[in-house]
Amino acid sequence: MTELLRQSFFARDALVVARDLIGCVLVHGEVALRITETEAYRHPHDTASHCRPGFTARTAPMWGPPGHVYVYLCYGIHSLLNLVTDDEGEGAAVLIRSAELERGAEIVHARRGVRSADEVALLAGPGKVCAALALDPGFSGRSVFVPGGLEVHGGEPVREVLVGPRVGVDYAAPLDRDAPYRFADAGSRVVTRRRTLRPLVRFPR
DNA sequence: TGAGCGATTAAA
DNA sequence: TTAATCGCTCAT
């Protein structure tokens, strides 16, 4: 049932990948998380993206091939997990913002950044997701197709997807700041800033 | 070498 | 809504 996602899954527009990652499962060692919230950082023209200033040592993985990991340190404290999308050289990725703990509660409980039993199951916020998976910037640049590393599995399709603006990007140009690049599982209670999200309308084909 | 800053978090 | 926070990035 849980099938490893292939590179073709990631080699698409970050917007599409961000939406499709909702409900998918991150596996790192004994810990498995079901993704409930994501954000797309589409390309260097996106003024909210770390790729905006051009190629740097830190963002090198984001410019690399799809299906690789970009982890960086935020506020000097929190590690944030991204999955690189689009084609190599595009400079796009999806930020994993929230997740539900599926497996490995004992281990996650012992890890830094997770204090209470409630926080163990409710990984709302990108810093907590990374802490639960025990990922730090040293992991940045790794591939998700290498066994034993961070794996991304397909999951049950979600009933309804929510969409809305990204969090913490007030520094960006208004158009990017307000762009509906954040997605979430409407059926999960592990979602941040829910009131700013609306049901995603799917157009008939 | 260091000034500036941040894709957050928790508490109120 | 607000404040704490601190290691890292990148341009000198």
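Residue numbers start from 1 in every chain, and the chains themselves are labelled A, B, ... in the order their sequence lines are given, proteins ahead of strands.
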Q: To the nearest Å, how far apart are A/Arg177 CZ and B/dG6 P?
A: 15 Å
Q: Could you pull out the closest heavy-atom pair between A/Asp13 and A/Arg42, with the gap in Å?
A: OD2-NH2, 2.5 Å
Q: Using a heavy-atom cut-off of under 4.0 Å over every strand shown, decide if A/Arg166 touches base, sugar-phosphate, or nothing.
A: nothing
Q: Would you say A/His78 reaches B/dT9's phosphate, i.e. side-chain N/O to OP1/OP2 under 4.0 Å?
A: no
Q: Roughly how many Å is it from NE2 in A/His50 to P in C/dC8, rounded to a whole number?
A: 15 Å
Q: Do you see a donor-acceptor pair shorter than 3.5 Å between the side chains of A/Arg97 and A/Thr192?
A: yes
Q: What does A/Leu73 touch in the nucleic acid at a heavy-atom separation under 4.0 angstrom: a base, only the sugar-phosphate, or nothing?
A: sugar-phosphate
Q: Tell me whether the ring of A/Tyr41 lies stacked over the B/dA7 base, given a 5.5 Å limit on centroids and a 30° limit on the plane angle.
A: yes
Q: Whole angstroms only, please: what is the NZ-P distance between A/Lys128 and B/dA7?
A: 18 Å
Q: Considering only C/dC6, C/dT9, B/dA7, which nucleotide approaches the side chain of A/Tyr171 most closely?
A: B/dA7
Q: Is the shortest side-chain heavy-atom distance between A/Val129 and A/Leu80 below 4.5 Å?
A: no
Q: Quick check on the hydrophobic clustering: are A/Leu101 and A/Leu81 connected, directly or via other members, by side-chain heavy-atom contacts under 4.5 Å?
A: yes
Q: Write down the distance between CG (A/Leu95) and P (B/dA7), rounded to a whole number of angstrom.
A: 10 Å
Q: Can you tell me, in whole Å, how much space there is between the P of B/dA7 and that of C/dA11?
A: 16 Å
Q: Rounded to whole Å, please give me the gap between CD1 in A/Ile77 and P in C/dC8.
A: 12 Å
Q: Would you say a side-chain N or O of A/Thr56 is under 4.0 Å from OP1 or OP2 of C/dC10?
A: yes
Q: In this structure, how many angstroms lie between the P atom of C/dG7 and the CG atom of A/Asp136, rounded?
A: 14 Å
Q: For A/Tyr72 and A/Arg58, which I'm curious about, is there any donor-acceptor pair between the side chains at under 3.5 Å?
A: no
Q: Looking only at side-chain atoms of A/Asn82, point me to the closest of C/dC8, B/dA7, B/dG6.
A: B/dA7
Q: Return the value, rounded to whole Å, for the distance between atom CG of A/Leu80 and atom P of B/dC5.
A: 20 Å
Q: Does the side chain of A/Arg97 get closer than 4.0 angstrom to OP1 or OP2 of B/dT8 through an N or O atom?
A: yes
Q: Quick one: look up who C/dT9 pairs with, Watson-Crick or G-U, both distances under 3.5 Å, and put none if it's unpaired.
A: B/dA3
Q: Within this structure, what is the CZ-to-P distance between A/Arg42 and B/dA7, rounded to whole angstrom?
A: 19 Å
